[in-house]
Amino acid sequence: MRGINLIIFLIFLCKLGLCQSKTLVSGYVKNNNGSPEDFAMVSIISMADSSFLAFGFSDSKGFFTLECSSILSNHSAYATISKLGFKSQKKEVLVTAGINIDLGTIILSTEDFLLQEIIINDKAPSVIIKNDTTVFSASHFTDGTEKKMEDLIKKIPGITVDQNGRIKYQDKNIDRVLLEGDDLLGQDYTIGTKNISSGLVDKVEVIDHYVDNPLFREIINSDKTVINIKVREDFKNDISGTLEAGLGAGDKLKYYGNTYLIALLKKSKSLVFLNSNNIRSQDAGNANYYFENFSSTADLSGFRTDKLAVFNRPVIQANINLPEQYTTTGNLSSSSINHIFRTKCGLKFTASATGLLNEKNNSTEENTAFFNQSDSLKFQDKKLSNQLVMPFKTRLQSEYVSLPRNFSIRTITSLIGSRQKYSYDISRNSTSMIECQTNLKPKGLNNIIEYTKKVKNGLFQFTGDFSFMTQTEKSRFLNPVYTTGILDSIRYQNLQQSVPSHMSQFGLTGRFMYRKSIHTDLDFGYYYKKSTISNQLIQNNESISLYSDTVTRNEKIGYSQLKLAKLYKKSDLAFTVTSSVHSLSSGMDNRAQTFVLFTPG
C-alpha cells in the first residue's frame, strides 16, 4: 500500500513539475553593421495550426526573451523576426516544455526598397504592422472560451489587463478604446470591454502616437497609445446585445442582472448598458466621474488647480486586506448611455450619460484584553458605517474637422454631480462614543471650446475653458467626545455643521507650433479662479451659531513658455532650449479669525 501511495505521489510531482515548467526563447537582433536593433518583432508560431506560442519585441540592446505557452510535448514551430526596412528572418525550432532555446544572434539585412507593412504568418495573416499601427486578427487568438471583449484582448500578445479592466500594451497605458475609429466611451472604456461580446470583434488594432485631432498628425509626436476595435461585417448596420441574470439563496436573497445593447449603423453608433446586483460585483466596468478634455488640447496641468478637489471624500471602511465582497454588503447599480452620430455637413456629435448607485454597509469589531497578576481589562470596540453614493455625469461633445481647409472647431460641455450620505457609529463596551452623519451634494459644470488652424509648417490653437463647482455639506455629530480639548467652548452633546463651498474658474490658453529646421513651441495662457468656503456650527439644535466663518480666495495665473529644438536625425540627437515666465496673484478674505472644520472618519 505504501508503495502504491509513493508511486501516485511521484506521478503527481512529475505532472506538477511538467505543468509548471516554462520554455524561454531568447536571442539578439542586429543589423548588417553589427549594431543592435530595437523594436524588432519576434514571433513563435506553431507549424500545426499557425497559432501563436509567443510574441514580443527586442529591447534597446537588441535582446529579446519570450515565454512560450504551456506545451506538454515536442512542438514544431518557427521563429519569425521582422522589422520595417529589413528582410524578415525565419528559423525552425522544436519547442519542448522546460527546455530553453537560444536563437543566438539574428542579422537583419536592409531591404532594397522601403516596406509599407509587415505581415506575420503568411498562411493566414494574424499580425500586420503598418507604420504606427499593429493589427491583430481576432480569429487567431480565440479558442472558444472568450465571452466578453476583455477576454479576447487579454490573449493578444503584449497586452495585459489589470483587475480593474485598465489595459496596457508593452507596459504602456492604453488611453482609449475606439470602436471603428470612434471614441464612444472616452476614458470609461472598461464599460465597453467588460460588456460587449467578443463575437463582434474582427480585428484589434494597437495605434501608437495617437492624436484625436488629425491636424496634429505631422506636428506633434504623441506618446499616447489606443486600441481600435474593428467589428465583423455581419454585426454592422444591426442591433445586438445580451441579457444576464442570476438569483442566489442564503441568509439574504442575492441577485445579479446585466444587459447591454449596441447599434452600429452607417452614421451613428450607440451603446446602452445597465447593471444591478447586491453581491458587490464590479465586473461590468467602472466609470470616472470627472471632467474630460481632448487629448490634443493645450493644457499645462502644472498651472491649473484641481477643479474636482471638493469631490474627494474619505472612505469609511475597515482596511483588513480582504476583497470588498467579504467585508461589505449593499446594492451596486450602474447605467450608461452613449451615442455618436454624424450630420451630412461633417459635424460629429457625441452624447453620453452615466450614473451609479453604490450602497455600502460595513461592520467591524475589535476585542482587546490586558492582563496582570491580579486583574484584567477588556475592551470591545464596534464601528458601524454606512455609505450611499449616487454620482452622475453627462457629456455633450461636438467636432467639426475640415482637412481641405485645415481647421477644426471642437466643444465639450460636461455636467457632473453626486448625492452622498455617510454615517458611522463607534461604541466601546456597548456604550456609544460618537455618532456622525454627513450629507453632501456636489455638482459642477465645465465648458471647453477649441479652435485649431493648420498653417504652412505649423499650426496655432486657442482654447477657452469655464468651470463652475458648488457643494453643500451638512454634518451632525452626536456625543462628540473626540472634540474635547480641541475647542474649550464646545461641551455639547449635539453639534450641527454646514459647510457650503463654491468655485468658479475661467481660462484662455493658446499655442503656436512651427516645424522647420528648428522646432518652435509657444504656449501661453491666463486663468482666473474664485473660491469661497463657509462654515456654520450650531449647538444642541439651537438657532444660535457657535461659529460662522467665510473664506474667499481669488487667484490669477498667467504663464508663457517658449521651447526651441534642433533635431539631428542622423545621430538621433536633439538640442533644446526652454524659457518660461509664470505669474501668480492671490488674495484671501477671512471674515473671522477662527475657522472650525470637522471631518468624519
Side-chain angles (χ1 to χ4, degrees), residues 114 116-117 130-133 175-176 178-184 186-187 205 207-226 228 266-269 292-301 340-351 395-414 446-466 507-526 559-567 569 574 576 578:
L114 182 64
Q116 297 299 315
E117 66 181 24
K130 297 180 179 179
N131 299 323
D132 292 330
T133 302
D175 189 66
R176 297 284 197 277
L178 312 181
L179 196 62
E180 288 288 334
D182 284 326
D183 187 8
L184 187 63
Q187 294 186 353
E205 297 180 344
I207 305 173
D208 286 318
H209 309 298
Y210 172 79
V211 290
D212 59 357
N213 189 336
L215 298 178
F216 280 84
R217 285 176 182 168
E218 299 177 357
I219 302 297
I220 63 174
N221 185 21
S222 171
D223 60 352
K224 295 184 180 298
T225 302
V226 303
N228 181 43
K266 289 183 177 181
K267 294 185 178 181
S268 66
K269 297 181 178 70
E292 293 188 24
N293 197 356
F294 296 111
S295 62
S296 59
T297 296
D299 181 7
L300 297 184
S301 58
I340 288 180
F341 66 95
R342 290 177 170 84
T343 63
K344 293 182 179 180
C345 64
L347 190 63
K348 183 172 75 171
F349 288 97
T350 304
R395 177 170 62 104
L396 178 62
Q397 178 177 314
S398 63
E399 300 179 61
Y400 180 76
V401 181
S402 175
L403 294 179
R405 300 170 64 182
N406 289 324
F407 84 95
S408 67
I409 298 177
R410 307 191 296 178
T411 66
I412 294 180
T413 300
S414 304
N446 183 227
N447 289 282
I448 297 174
I449 182 170
E450 170 208 279
Y451 173 78
T452 304
K453 174 66 177 178
K454 190 173 183 179
V455 296
K456 185 178 181 180
N457 298 323
L459 62 75
F460 61 85
Q461 181 186 79
F462 294 99
T463 305
D465 184 344
F466 171 75
L508 288 174
T509 62
R511 72 191 324 188
F512 173 73
M513 297 181 172
Y514 184 73
R515 298 294 180 261
K516 202 62 175 174
S517 59
I518 297 179
H519 288 193
T520 303
D521 291 351
L522 174 63
D523 291 276
F524 55 91
Y526 173 83
Y559 68 89
S560 63
Q561 180 172 287
L562 176 63
K563 180 179 179 181
L564 303 175
K566 175 65 176 177
L567 306 179
K569 295 183 179 179
T576 304
T578 302

So which heavy atom on [X] is nearest to which on [Y], and how close?
X	Y	value
Ile219	Gly458	CD1-CA, 4.0 Å
Val401	Pro214	CG1-CG, 3.7 Å
Arg395	Gly186	NH2-N, 4.2 Å
Thr350	Ile340	OG1-CG1, 3.5 Å
Leu215	Leu459	O-CD2, 3.6 Å
Gly464	Leu508	CA-CD2, 3.9 Å

Would you say Asn213's side chain and Phe216's backbone share a donor-acceptor pair under 3.5 angstrom? no
Would you check if the side chain of Asn446 reaches a backbone N or O of Phe466 as a donor-acceptor pair within less than 3.5 Å? yes
Under 4.5 Å between any side-chain heavy atoms of Ile220 and Met513, yes or no? yes
Less than 4.5 Å apart, any side-chain heavy atom of Leu347 and any of Arg342? no
Passing candidate, side chain to side chain donor-acceptor pair (under 3.5 Å) with Ser398, options Thr411, Thr413, Thr343: Thr411
Within a 6.0 Å radius of atom CD on Glu218, are there more than 12 heavy atoms belonging to other residues, nucleotides or ligands? no
Taking atom NZ as the centre, does Lys563 end up with more than 12 heavy-atom neighbours from other residues, nucleotides or ligands that are less than 6.0 angstrom away? no
When rounded to the nearest 0.5 angstrom, what is the spacing between [atom1] in [X] and [atom2] in [Y]?
X	Y	atom1	atom2	value
Gln561	Asp521	CD	CG	9.0 Å
Ser408	Lys454	OG	NZ	11.0 Å
Asn447	Asp465	CG	CG	8.5 Å

Donor on one side chain, acceptor on other, Thr225 and Asp208, under 3.5 Å: yes
Taking atom types as modelled and ignoring hydrogens, do the side chains of His209 and Asn221 form a donor-acceptor contact shorter than 3.5 angstrom? yes
Charged N to carboxylate O below 4.0 Å: is that the case for Asp182 and Lys348? yes
Take Asp212 and Arg176 through the salt bridge (charged side-chain N to carboxylate O under 4.0 Å, His left out) test and state the conclusion after the steps. CA-CA 10 Å; Asp212 59 357; Arg176 297 284 197 277; over 6 Å; no
Listed partners of Arg217 passing salt bridge (Lys or Arg N to Asp or Glu O under 4.0 Å), at least two apart: none
Pairing residues for Phe341 by the ring pair (Phe, Tyr, Trp, His ring centres under 6.0 Å) criterion, not counting sequence neighbours: His339, Phe349
